Amino acid sequence: NYYNKACEVGEDIEKKGGGFAHIEELLRYYDDSSNSILHKFKLMFDCVNSLPINERKTKITKVAKAIAEMSDGDSVASSIGLNCMAFCTNDKAIGAGEKSIFSDDNIQYLRDTYGFNKLTPTELIEFIEKETK
């Protein structure tokens with residue numbers, strides 16, 4: 001059940017432009033060169049490493065943000081798949097914007113669809129106190 005639910009949520013997140021969709025967007029440039037995601041990553045890293053230093057730093061930041069968004073999407077999908085009551089983070093969707101899994105629209109969608117609760121550490125303490133009374 002966990003795996004099926006996590007996969008369903010992950011696919012929903014991608015359809016809304018979050019999570020792994022950020023990686024797919026970066027790797028799309030290499031679609032004509034390979035069908036292997038690992039090979040596409042290698043091609044991308046080779047390309048990034050061949051850039052002048054200022055461009056390289058900018059591209060590395062973009063890749064790092066995409067990987068962070070993918071990780072956030074996987075964490076949320078896993079949390080929902082495990083039927084967790086809450087997900088604790090201070091992430092405010094600043095880096096990935098409206099396509100972030102943690103954007104207001106996506107959080108509302110996940111709350112409405114899956115009962116997802118994104119809470120800050122302070123909100124988590126209040127949530128636990130309420131649940132244990």
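Predicted model only: the values in this text are computed from it and were never measured.
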So, [X] side chain and [Y] main chain: donor-acceptor pair closer than 3.5 Å or not?
| X | Y | value |
| --- | --- | --- |
| His22 | Lys99 | yes |
| Ser75 | Ser71 | yes |
| Asn106 | Ser100 | yes |
| Thr113 | Leu110 | no |

Contact summary for [X] and [Y], nearest pair of heavy atoms:
| X | Y | result |
| --- | --- | --- |
| Pro121 | Thr89 | CD-O, 4.4 Å |
| Lys5 | Gly81 | CG-CA, 3.7 Å |
| Ser79 | Ala86 | OG-O, 4.2 Å |
| Gly10 | Ala77 | N-CB, 3.8 Å |
| Gly19 | Ile13 | N-CG2, 3.6 Å |

What distance separates [X] [atom1] from [Y] [atom2], expressed to the nearest 0.5 Å?
| X | Y | atom1 | atom2 | value |
| --- | --- | --- | --- | --- |
| Ser33 | Leu27 | OG | CG | 11.5 Å |
| Tyr30 | Cys47 | OH | SG | 3.5 Å |
| Ile23 | Ile67 | CD1 | CD1 | 5.0 Å |
| Ser50 | Lys59 | OG | NZ | 10.5 Å |
| Ile101 | Ile107 | CD1 | CD1 | 6.0 Å |

Hey, does [Y] have a side-chain heavy atom less than 4.5 Å from the side chain of [X]?
| X | Y | answer |
| --- | --- | --- |
| Glu131 | Met85 | yes |
| Leu124 | Thr120 | no |
| Asn54 | Pro52 | no |
| Phe102 | Glu69 | no |
| Phe87 | Val76 | yes |

With a 4.5 Å cut-off on side-chain heavy-atom distances among I, L, V, M, F, W and Y, is there a chain of contacts connecting [X] to [Y]?
| X | Y | value |
| --- | --- | --- |
| Tyr2 | Val9 | no |
| Phe45 | Leu38 | yes |
| Met44 | Ile60 | yes |

Hey, could you give me each pair passing salt bridge (Lys or Arg N to Asp or Glu O under 4.0 Å) that has a residue in residues 34-48? Not counting sequence neighbours.
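Pairs touching residues 34-48 that pass the test: Asp31-Lys40, Lys42-Asp46.
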
Listing request: all salt bridge (Lys or Arg N to Asp or Glu O under 4.0 Å) pairs with a residue in residues 105-119, at least two apart in sequence or in separate chains.
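Sorted result for residues 105-119: empty, none.
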
Within a 6.0 Å radius of atom CD on Glu123, are there more than 12 heavy atoms belonging to other residues, nucleotides or ligands?
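Yes, CD of Glu123 has more than 12 neighbouring heavy atoms, counting only those of other groups under 6.0 Å.
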
Quick one: side-chain hydrogen bond (donor to acceptor under 3.5 Å, both in side chains) pairs with a partner in residues 7-20, sequence neighbours left out?
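Sorted pair list: Glu8-Tyr114, Asp12-Tyr109, Asp12-Tyr114.
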
Passes side-chain contact (heavy atoms from CB on, under 4.5 Å), Leu43 versus Tyr29? Steps please.
CA-CA 10 Å; Leu43 293 169; Tyr29 177 80; over 6 Å; no

